[in-house]
Chemist: 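The structure follows.
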Amino acid sequence: MFSNNSNFVQGVDTAFVLILGISIFFLILLTTIMIVFVIKYNKKRHSKAVQIKDSSTLEIVWTTIPLILVLVMFYFGWRGFLPMRQVPDDAMQVKAIGQMWKWTFVYPGNKQSDSLLLPINKAVKMNLFSKDVIHGFSIPDFRVKEDVVPGKNNYTWFIPGKFGNYDLYCSAYCGLSHSYMLALVRIVPEEEFNKWLASLPLKKADDNNEGFKILDKNGCFSCHSMDGRKIVGPSFKGLYGSTHEVITNGTTRKITVDDLYLETSVYDPDKDVVAGYPPGMMKSYKGLIKEKDMPKVIEYFKTLKAQ
Amino acid sequence: MDNNGSHITEYKVLIRILFILLLCTFITIEITSFDLAAFTVTAALLIAGFKSYLVLSYFMHLKYESLLLRILVSMVFLLFFVIVLITFIDYSFR
Amino acid sequence: MSEHNTHIDEHRDDEASKLGMWLFIFTELLLFGGLFLVYSIFRAQYPANFHESSLELSVTIGVINTVVLLFSSMTIAMSITAIQKKNKKLTLALIGVTILMAFIFLVNKYFEWGHKFEHGLYPGSELMQLLERGHHLYFSLYFFMTGLHALHIVIGMVLLVIAYVKVNKGSIKHDKFVFLENGALYWHLVDLIWIFLFPLLYLIS
Amino acid sequence: MNNNEHISFLEHQGKYKGIFAWIFATDHKRIAFLYMYAIAAFFLVGAILGLLMRFELIAPGETIIKPQTYNGLFTVHGIIMIFMVVIPGLSAVFGNFFLPILIGAKDVSFPKLNNFSWWLFMFGSALAIATQLLKSGSPDTGWTFYAPYSTTTGTSVILATTAAFILGFSSILTGLNFIVTVHRMRAPGMRFFNMPLFPWSIYATAWIQLLATPVVGITLIMLIAERLFGIGFFNPDLGGDPVLFQHLFWIYSHPAVYIMILPAMGVITEIIPTFCQKRVYGYKAIALSSLAIAGVGFLVWGHHMYTSGMSEQARWFFSLLTFIVAVPSAIKVFNWITTMYKGSIDLKPPFIFALAFIFLFMIGGLTGLILGSVATDIQVHDTSFIVAHFHYIIFGGMGFAFFAAIHYWLPKMYGKMYNFKIANISAVSLFIGFNLLYFPQFIIGIQGMPRRYFDYFPKFQWAQVISTIGGVILVSAVILMIYNLIMGVRKGAKASANPWNGTTLEWQIPSPPSLENFDSAPIVKENPYDYN
Ligand code: HEA
Ligand code: HEA
Ligand code: CUA
Ligand SMILES: [Cu+2]
């Protein structure tokens, strides 16, 4: 009856249709009665109201019936949900890392990817991990949604049941680019998946660098790449020690990137605006990146040599 | 809620209550110096509950107030207790 | 205040004022309730750390403050008995003692906090950030809860000082003492909260 | 009562003149007006922000504003609408004006406190609006202020939370005042079960205001302390727990939704019997269901957190209770409709608004059932389905009840009558615009369109366009309605003391009432809705 995108569609949609059905029934029933009364007992036709007495039986009846109905709804809702918490032991474990504002998926063997490729008909457990604020791991087509809460090991799981591409959204509001925190989910045959997995690069080693962690935590990499690509702001690759033009108070001048320049760029980004970029895009990180952490950040910049 | 002939609590009674309260305080200190695991917190809270009962009834004259007010006060404490309990349904099972 | 609402003042309703005060006390109870909820959750998560941290507090100071507050609670309750018995002098003396007790409590608290501050232990300090998680939470709660409580002590003191002045002027008297009664109720609230704060913060095993 | 010597409270000369006669007023009726004008102004500001969002969403990508502006918009829109419009809305305006009159009192118990509440309200609102003017920019956390985002963002969160705290304090004092008034100021002979049902609903609401608001108050202070001192309660790096913030927030904010809807239900319960000329059906059931909603409403907050990683036990517990709290609402709907049975129905504007209320409230409430069930909430949580649910129930519910109330009571408040024809037109176009605006959001919500999204996939655009059109219709209808009301007040015909032939106490006194409401002792009836 329902689509077969994942193993949860059946349970969720059953509950949905049941509750929606009862709701629509009551909505139509009550609205019709209301309209009929308004027409039938209109002042013109029915000039004298008939005072009727309260009936306890009636009150009890229309308390009990909704009560029973809502208990039925509760039961179906609960039954549709329960399997979402019962992860099979043999599920493949994938770690989903949410950070402002991108997703990273870490597969067994410490392989990492930006999009979520999965083999069909195989249970996968998503271990949800956040580096900064709360994000939401949501794949509507699979009826899967769970918040990615920092400091808390949330999880969710599912068995994809149909080939194709699906959208993964960040459902929990997480700041500036919340609506761009998307990822692609691709369901492929098992062999294709294995081939793809083997070709994935290993997770970067930068993770243990203190400076990297600070930048990562503050979401710098959503605008600055480390590989020379231009995203929103200039790339960090080879930045330290390089010379280029900036606009200070409307006048263009040449600078060499040193400790002091980096510090002003972070704490007062609109003071020296890199030529070719609009001012006001980057906000000040004063207070967010502590002064005492600046040396670590600068050390990290020094490691990003332009080979 | 009509008690215009306000009740007068005698000094003696108040002194006696203070005495019991002080006694309870020292019992609490004694009890918590033993390690009775979870029971210590329970005991300390029970005694604190008893103490607040005394303060409410005698110092705050609740004993002589209308039934309505007494019910309201107990409802407020009950509400808080239930909220804590429900929150723990989340925390103790995860 | 203005003429056109004098009709309100014709109608004096002490029961209403008292009920109003009780309702306000309910609000205050739930305000602290939120903090107690946070406390109970973190204590359940970090029992050992809470125990170790609580050893940093001086039980002696805590006990002294408890005794001071309980005593003041009694004196303010007595002041109501005194005013009902038309004993103005004793009423004033009892309110005075209560205010004095409140002052002693604050002085004590000042030294207690001051001691911590000297060791660099205060909200937002470098040392606090370095503490282990449970310890950090404990001290945050400690400062937050006792700080809010101390703020209530100050408010209570102000109320009592006003009551003192009013008794002195004679506008609070044996058949019109609801202001004093409300001030006293507020003061008992402060005591009530301390009854729980003391074992929860100072006596953790 | 001789009309010649009647001096209405509006004409009454007090100690202060001009504007001071208003802003220092302690008369509950004047304070009600003060609230009403302030709230109408805030409503307008909030609505404009809402409309700006709609124009931004008309097409994917950036249309008129930047993402950061958008995030500020829905936050401030939410804060204004929730804390400055709907929470004080009915209870501070119509509660203030009619609660004392309906129970036969001269005023509320603490008139000066009542004035002070209004000043607090204005102060808090001023702070909330000031967040717009700061250099750090308007807060961008959503009205829910979820940690840890709210503890790290560089925007003016502290000012916004302080504003919310002060507004909460004002709300507490209003609630306190009303509870004492109901207990102490009822006319001689009026017992609880002789009270009309609007005072009942205000009474139940007041308890929620009194007991739930302090919890959010302390939570917001904790959030401020977190930002200032890093106390760590909500910061996982320091051992804290972000989900704890959600618990604390919703312990208040779920009961708060009943602060919004209970007075609305009370208003509807007053209007229906009047226009059916028939005693209200199931008086006791309606009165007690208000208390039931207020009571059980305290225990269901977790249904906003089904995906936060709560324990399974907590999820089913909250789901079960959520379903149970829906039943008293159902009882009310059944009783309203039964009241119409064999009535003598007069289709005047207030009644048309009331009918629209019932319909929209049913849609909002019934979709609430979909959210209450854990499995289906997983699908639609944090999507525009939620946005549709609460606009239906807040704007369609509380908002339409407000419109119904103003059309019902305006003749009493100003002693003037508005034009019925224009009122009917505005009611119908409001209804159409409203459904166009919010119904499509249900559909794309089910398909996965997340909320608080500045940008979206083109597959959702059709609905967003319909919504925007609906929004424009809605706003035009509101402007028409307000125009009609203002013209009514300024140039309308004089209204009689009892234009709708109502039975409750406010219709026994002249329009507008005199300063002390009742020049002679009110006649208290056994049944407030006695049409025999
Ligand atoms: C006035 C405000 C108001 C009211 C009254 C309600 C009423 C209800 N709400 Fe709503 N709700 C909000 C305002 C309100 N809500 C807001 C603002 C949010 C979003 C907050 C945010 O995240 O920003 C929200 C979000 C929200 C959620 C969280 C969704 C999520 O984020 O995932 C849930 C989940 O359970 C929910 C459920 C309900 C239910 C079950 C009711 C019930 O009380 C409804 C009862 C009414 C009826 C049932 C209809 C009438 C009855 C009949 C027609 C008879 C037939 C009935 C039966 C057979 C039972 N609401
Ligand atoms: C009472 C509550 C209320 C009301 C009335 C409205 C009204 C409107 N809202 Fe709502 N909205 C919220 C409460 C409300 N909103 C909340 C709480 C949120 C969540 C915020 C968050 O996510 O944090 C939200 C979020 C929200 C979003 C979702 C943002 C997102 O998730 O991306 C959108 C999108 O279009 C929207 C649109 C609108 C529009 C177009 C209007 C209006 O423009 C509709 C037109 C209304 C009018 C025209 C009324 C005019 C009234 C007067 C002029 C006063 C009359 C007064 C008297 C006569 C006394 N709102
Ligand atoms: Cu990440 Cu929203
Ligand atoms: Cu809710």
Side-chain angles (χ1 to χ4, degrees), chain A residues 11-12 15-16 19-20 23 26-27 30-31 33-34 37-38 41-43 46-52 54 59 62-63 66-67 70-71 73-74 77-78 80-81 84-85 133-134 136 138 140 143 145-147 149-152 154 167 169 171-180 283-284 288, chain D residues 67-68 71 140 142 146 148-149 152-154 236 242-243 276-279 281-282 285 307-309 312 316 319-320 323-324 326-327 330-331 333-334 337 340-347 355 358-359 362-363 366 369-370 373-376 378-379 381-382 447-448 450 452-455 531-532:
Chain A
V12 172
F16 212 113
I19 302 176
L20 199 64
S23 298
F26 271 94
L27 182 68
L30 295 173
T31 311
I33 295 180
M34 213 158 69
F37 283 177
V38 167
Y41 300 118
N42 197 295
K43 209 166 116 188
H46 200 253
S47 60
K48 182 100 181 76
V50 182
Q51 308 297 328
I52 36 177
D54 295 1
E59 297 285 354
W62 69 38
T63 309
L67 194 63
V70 293
L71 291 179
M73 295 179 193
F74 163 72
W78 179 244
F81 168 71
M84 299 188 194
R85 295 280 96 191
V133 302
I134 299 179
S138 160
R143 312 289 186 262
K145 187 177 286 147
E146 185 84 0
D147 290 357
V149 182
K152 219 164 156 285
N154 280 358
D167 295 317
Y169 299 85
S171 56
Y173 175 69
C174 55
L176 184 63
S177 300
H178 166 57
S179 57
Y180 295 105
K283 68 172 182 182
S284 166
L288 294 174
Chain D
Q68 185 63 26
N71 296 345
D140 64 340
Y146 271 16
Y149 183 71
T152 53
T153 173
V243 178
C276 297
Q277 293 294 302
K278 183 156 169 277
R279 61 187 291 265
Y281 190 83
T307 65
S308 68
E312 282 85 84
W316 73 252
S319 174
L320 183 62
F323 277 115
I324 288 177
V327 175
I331 295 176
V333 173
F334 296 142
I337 294 183
M340 297 177 199
Y341 176 63
K342 290 197 173 170
S344 173
I345 296 176
D346 192 5
L347 265 185
L355 291 178
I358 297 181
F359 180 77
M362 283 197 293
I363 295 189
L366 292 167
L369 299 175
I370 290 175
S373 136
V374 195
T376 47
I378 299 283
Q379 187 188 352
H381 171 72
D382 266 339
Q447 294 167 351
R452 296 170 175 170
Y453 258 35
F454 164 78
D455 198 356
Y531 279 90
N532 283 326

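Only heavy atoms go into these numbers, but all of them, side chains included; no hydrogens, no water, no symmetry mates. Naming convention: chains lettered A, B, ... in sequence-line order (proteins, then strands); numbering from 1 in each chain. These numbers come from a predicted model, not from an experiment.
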Chemist: Is chain A contacted by the side chain of D/Pro148, its backbone, both, or neither, given a heavy-atom distance below 4.5 Å?
Modeler: both

Chemist: How many angstroms lie between atom OG of A/Ser23 and atom CG of D/Leu366, to the nearest 0.5 angstrom?
Modeler: 4.5 Å

Chemist: Is chain D contacted by the side chain of A/Asp54, its backbone, both, or neither, given a heavy-atom distance below 4.5 Å?
Modeler: both

Chemist: With a 4.5 angstrom heavy-atom cut-off, could you sort out which part of A/Arg85 is near chain D: side chain, backbone, both or neither?
Modeler: side chain

Chemist: Taking the side chain from A/His178 and the backbone from D/Tyr453, do they hold a donor-acceptor pair closer than 3.5 Å?
Modeler: no

Chemist: Output the option from A/Gly175, A/Ala15, A/Gly80, A/Pro140 having the highest count of non-hydrogen pairs under 4.5 Å with chain D.
Modeler: A/Gly175

Chemist: Chain A: which of D/Val327, D/Ile358, D/Leu355, D/Ile345 shares the most heavy-atom pairs with it under 4.5 Å?
Modeler: D/Ile345

Chemist: Does D/Ser373 use its side chain to pair, donor to acceptor, with the backbone of A/Met73 at less than 3.5 Å?
Modeler: no

Chemist: For D/Ile378, which atoms come within 4.5 Å of any heavy atom of chain A: side chain, backbone, both, or neither?
Modeler: both

Chemist: Among D/Gln379, D/Gln277, D/His381, D/Met362, which has the most heavy-atom pairs under 4.5 Å with chain A?
Modeler: D/Gln379

Chemist: Of all of A/Val38, A/Val70, A/Leu71, which one pairs up most often with chain D through heavy atoms under 4.5 Å apart?
Modeler: A/Val70

Chemist: Only pairs of heavy atoms separated by less than 4.5 Å count here; which of A/Cys174, A/Ser138, A/Ser177, A/Gly11 has the most with chain D?
Modeler: A/Cys174

Chemist: So which atom in D/Asp140 and which in D/Tyr149 form the shortest heavy-atom distance, rounded to 0.1 Å?
Modeler: OD2-OH, 2.8 Å

Chemist: Chain D heavy atoms under 4.5 Å from A/Val149: which part of the residue, side chain, backbone, both or neither?
Modeler: side chain

Chemist: Given that the side chain runs from C-beta out, which part of A/Trp78 has a heavy atom under 4.5 Å from chain D: side chain, backbone, both or neither?
Modeler: side chain

Chemist: How many angstroms lie between CE in A/Met34 and CE in D/Met340, if you round to the nearest 0.5 Å?
Modeler: 5.5 Å

Chemist: Specify the closest pair of heavy atoms between D/Pro236 and A/Gly151, including all atoms of both residues, with the distance to one decimal.
Modeler: CB-CA, 3.8 Å

Chemist: Which answer fits A/Ile52, side chain, backbone, both or neither, if we ask what part of it has an atom under 4.5 Å from a heavy atom of chain D?
Modeler: both

Chemist: With chain D as the partner, which of A/Tyr173, A/Phe37, A/Phe16 has the greatest number of non-hydrogen pairs under 4.5 Å?
Modeler: A/Tyr173

Chemist: Indicate yes or no for a side-chain donor-acceptor contact from A/Lys152 to the backbone of D/Gly309 under 3.5 Å, with no hydrogens or angles considered.
Modeler: yes

Chemist: About how many Å separate CZ of A/Phe74 and CZ of D/Phe323, when rounded to the nearest 0.5 Å?
Modeler: 8.0 Å

Chemist: Counting only heavy atoms not in A/Lys43 (residues, nucleotides, ligands), do more than 12 fall under 6.0 Å from its NZ?
Modeler: no

Chemist: Find the one option among D/Cys276, D/Ser308, D/Gly142, D/Ala326 whose heavy-atom pairs under 4.5 Å with chain A are most numerous.
Modeler: D/Ser308

Chemist: Between A/Glu146 and chain D, with a heavy-atom cut-off of 4.5 Å, which part of the residue counts as in contact: side chain, backbone, both or neither?
Modeler: both

Chemist: If you count heavy-atom pairs within less than 4.5 Å of chain D, which of A/Phe26, A/Tyr169, A/Tyr41, A/Phe81 leads?
Modeler: A/Tyr41

Chemist: Given the rule in the side-chain contact (heavy atoms from CB on, under 4.5 Å) test, do A/Ile33 and D/Tyr341 qualify, once you have shown the distances and angles that lead to the verdict?
Modeler: CA-CA 9 Å; A/Ile33 295 180; D/Tyr341 176 63; over 6 Å; no

